[in-house]
Amino acid sequence: MQRTLGARKRSFVMNAKKQYNKVVLAYSGGLDTSIIIPWLKETYGVKDVIAVCGNVGQGKELDGLYEKAINTGASDAYIEDLTEEFITDYVYPTMQAGAVYEGKYLLGTSFARPVIAKRLVEIAKEVGADAICHGATGKGNDQVRFELTVKALAPEIDIIAPWRIWDIKSREEEIEYAQARNIPVPVDKEHNYSMDANIWHLSHEGSDLEDPWNEPKDDLYMICKTPEEAPDKPCYFTIEFEQGIPVSIDGQKYGPVELVAKLNELGAENGVGIDDLVENRLVGMKSRGVYENPGGRILYTAHAGLEMLTLDKDTMHYKEGVAAKYAELVYDGKWFCPLREALAAFLAETQKTVTGTVRMKLYKGNCTHVGLKSPYSLYSEEFATFGEDEVYDHKDAEGFINLFGLPLKVRALALKDKEI
């Protein structure tokens with residue numbers, strides 16, 4: 001027999017192993033975190049729930065959030081603007097690494113979680129909280145990203161993860177729980193995907209996307225035009241970089257937040273940055289998601305183009321391997337692990353000459369660099385030309401090839417007439 005909400009409530013309290021006086025909650029104002037506030041009080045006897053929302057560019061999601069948290073039972077609420085820190089300290093280093101998870105995912109949710117969790121820890125220490133609570137499910141990656149950050153920065157603080165504890169098993173039961181406590185239910189029935197938004201991206205999961213055979217519907221996209229809707233005329237502009245950091249567009253200087261926002265506009269208008277992938281979650285299952293990442297796709301493409309011009313062969317090739325490992329560490333929630341930090345130091349060194357200008361072309365979903373220049377360019381037309389030159393002696397190649405190919409020649413002679 002299905003238990004009533006009252007029975008559930010009693011079982012929650014009976015199963016609670018510890019009482020908490022003050023808990024900091026990672027708060028979004030969505031259904032999960034809205035019901036977690038009363039749940040913490042009922043389950044752990046929490047006197048003060050401090051709701052903390054990290055603003056990483058969610059936009060309208062933040063409207064009225066403070067009042068909503070207080071009205072839902074929070075004793076205090078913080079709406080923390082982390083957008084510039086997010087871009088400069090998390091997005092840009094990952095872009096400089098060229099880190100892309102499984103060939104497509106530009107890590108939009110992955111590196112937003114540690115910057116939010118870091119602020120949760122800071123506030124928890126300021127207010128003397130006993131624990132930090134998050135609303136991530138037991139099936140996803142975010143639970144790992146939040147909790148690894150807390151463990152790395154504040155191992156003494158307890159972590160509460162309701163989805164791994166409570167009896168609620170579905171969205172319908174969450175709604176029932178909320179309605180029983182007169183909590184407004186933030187449900188958009190017309191757009192019923194699970195979404196995560198920040199200034200870097202918008203992700204879509206669930207609903208009809210759970211069948212990988214289904215093509216995403218055109219009305220799914222909330223940022224980008226589809227390539228079919230994009231203008232028939234290509235869009236050209238330049239991006240200037242200084243030591244791997246984008247600083248201006250078409251010669252106009254922008255701050256980090258304004259620059260990413262401007263590139264989002266340009267990319268979205270031209271259908272750039274839509275990625276549909278089935279990824280391997282850290283917890284072991286495959287998950288299908290559709291991502292809108294217009295500004296990110298432009299920056300990754302432009303930065304990679306400039307590196308082709310300014311990095312030597314050994315550094316560039318070694319960096320390709322670092323990029324894959326860096327992406328995996330970020331995806332797996334290990335932002336504050338020693339290896340990620342050590343790789344970041346290596347990557348910072350590689351960026352000292354990544355200065356110059358990239359001319360970009362956007363056209364119906366395509367994003368390409370069509371012009372590159374840098375004061376640190378390693379490209380020499382004098383050496384590379386197919387025409388006559390005065391610097392390269394073709395005869396030098398013979399000795400080089402003889403030495404470079406010597407191991408192959410020795411092996412072939414040694415194995416001649418032998419069966420292996």
Side-chain angles (χ1 to χ4, degrees), residues 93-107 110 141 144 212-213 244 275-289 297 300-301 303-335 337-354 366-369 372 376-420:
T94 306
M95 177 203 67
Q96 290 175 334
V100 182
Y101 185 69
E102 296 189 339
K104 279 191 173 183
Y105 179 40
L106 300 188
L107 298 163
S110 306
N141 301 309
V144 182
W213 187 253
D275 288 303
D276 181 355
L277 63 149
V278 177
E279 69 197 57
N280 288 293
R281 282 185 182 173
L282 175 60
V283 294
M285 69 189 72
K286 289 186 180 290
S287 172
R288 198 271 187 94
R297 180 58 63 192
Y300 264 72
T301 304
H303 181 265
L306 191 57
E307 283 195 329
M308 290 195 305
L309 196 66
T310 58
L311 294 187
D312 64 280
K313 175 185 173 182
D314 286 344
T315 301
M316 187 172 177
H317 287 191
Y318 189 81
K319 190 172 175 290
E320 289 175 352
V322 170
K325 186 61 181 178
Y326 200 97
E328 185 178 80
L329 291 171
V330 174
Y331 187 87
D332 291 352
K334 295 183 178 180
W335 186 270
C337 80
L339 178 56
R340 205 282 312 167
E341 292 170 350
L343 293 178
F346 159 75
L347 292 163
E349 181 68 23
T350 69
Q351 298 302 294
K352 288 183 176 179
T353 61
V354 186
N366 293 301
C367 174
T368 55
H369 52 77
L372 305 167
Y376 300 101
S377 173
L378 300 180
Y379 176 83
S380 171
E381 185 177 353
E382 193 175 15
F383 277 96
T385 180
F386 284 95
E388 185 178 354
D389 68 81
E390 302 296 331
V391 296
Y392 188 87
D393 189 343
H394 289 257
K395 293 180 180 143
D396 292 343
E398 182 177 355
F400 162 74
I401 295 170
N402 285 337
L403 292 177
F404 190 65
L406 186 59
L408 296 176
K409 183 175 181 179
V410 170
R411 182 178 186 275
L413 289 171
L415 297 179
K416 189 177 181 181
D417 300 327
K418 293 183 176 68
E419 293 185 6
I420 56 171

Visitor: For the NZ atom of K313 and the CG atom of L378, what is their distance to the nearest 0.5 Å?
Guide: 13.5 Å
Visitor: Restricting to non-hydrogen atoms, name the atom on R297 and the atom on K104 that form the minimum distance, rounded to 0.1 Å.
Guide: NH2-O, 3.3 Å
Visitor: Considering non-hydrogen atoms only, spot the tightest contact between V144 and D332 and give its length.
Guide: CG1-O, 3.6 Å
Visitor: Between the side chains of K395 and E398, is the shortest nitrogen-to-carboxylate-oxygen separation below 4.0 Å, so that they form an ion pair?
Guide: no
Visitor: If I take atom CD from residue E349 and atom CG from residue L347, how far apart are they, to the nearest 0.5 angstrom?
Guide: 10.5 Å
Visitor: Determine the minimum heavy-atom distance between Y326 and A99, stating which atoms define it.
Guide: CD2-CB, 3.9 Å
Visitor: Going from CE on M308 to OG1 on T310, what distance comes out if it is rounded to the nearest 0.5 angstrom?
Guide: 10.0 Å
Visitor: How close do K319 and Q96 get, heavy atom to heavy atom, and via which atoms?
Guide: NZ-O, 2.6 Å
Visitor: Among residues two or more places apart or on two chains, list those pairs meeting side chain to side chain donor-acceptor pair (under 3.5 Å) that have a residue in residues 276-286.
Guide: E102-N280, D276-R288, E279-Y291, E279-Y331, N280-K286, R281-S287
Visitor: Return yes if some donor-acceptor pair links the side-chain N/O of K418 with the main-chain N/O of A414 below 3.5 Å, else return no.
Guide: yes
Visitor: What closest approach, in Å, do W335 and T94 show between heavy atoms, and which atom pair accounts for it?
Guide: CZ3-OG1, 3.5 Å
Visitor: Atom CG in L306, atom NE2 in H369: separation rounded to 0.5 Å?
Guide: 9.5 Å
Visitor: With rounding to the nearest 0.5 angstrom, report the CG to CG distance, L413 to L408.
Guide: 11.0 Å
Visitor: Tell me whether K334 at atom NZ has more than 12 heavy atoms from other residues, nucleotides or ligands lying less than 6.0 Å away.
Guide: no
Visitor: Angle between ring planes, F404 versus F400, binned at 30° and 60°: parallel, tilted or perpendicular?
Guide: parallel
Visitor: Quick one: does R340's side chain get under 4.5 Å of K325's, heavy atoms only?
Guide: no
Visitor: Hey, what do you get for OH (Y318) to OG1 (T350), rounding to the nearest 0.5 Å?
Guide: 12.0 Å
Visitor: How far apart are the closest heavy atoms of A327 and L107, and which atoms are they?
Guide: O-CD2, 3.9 Å
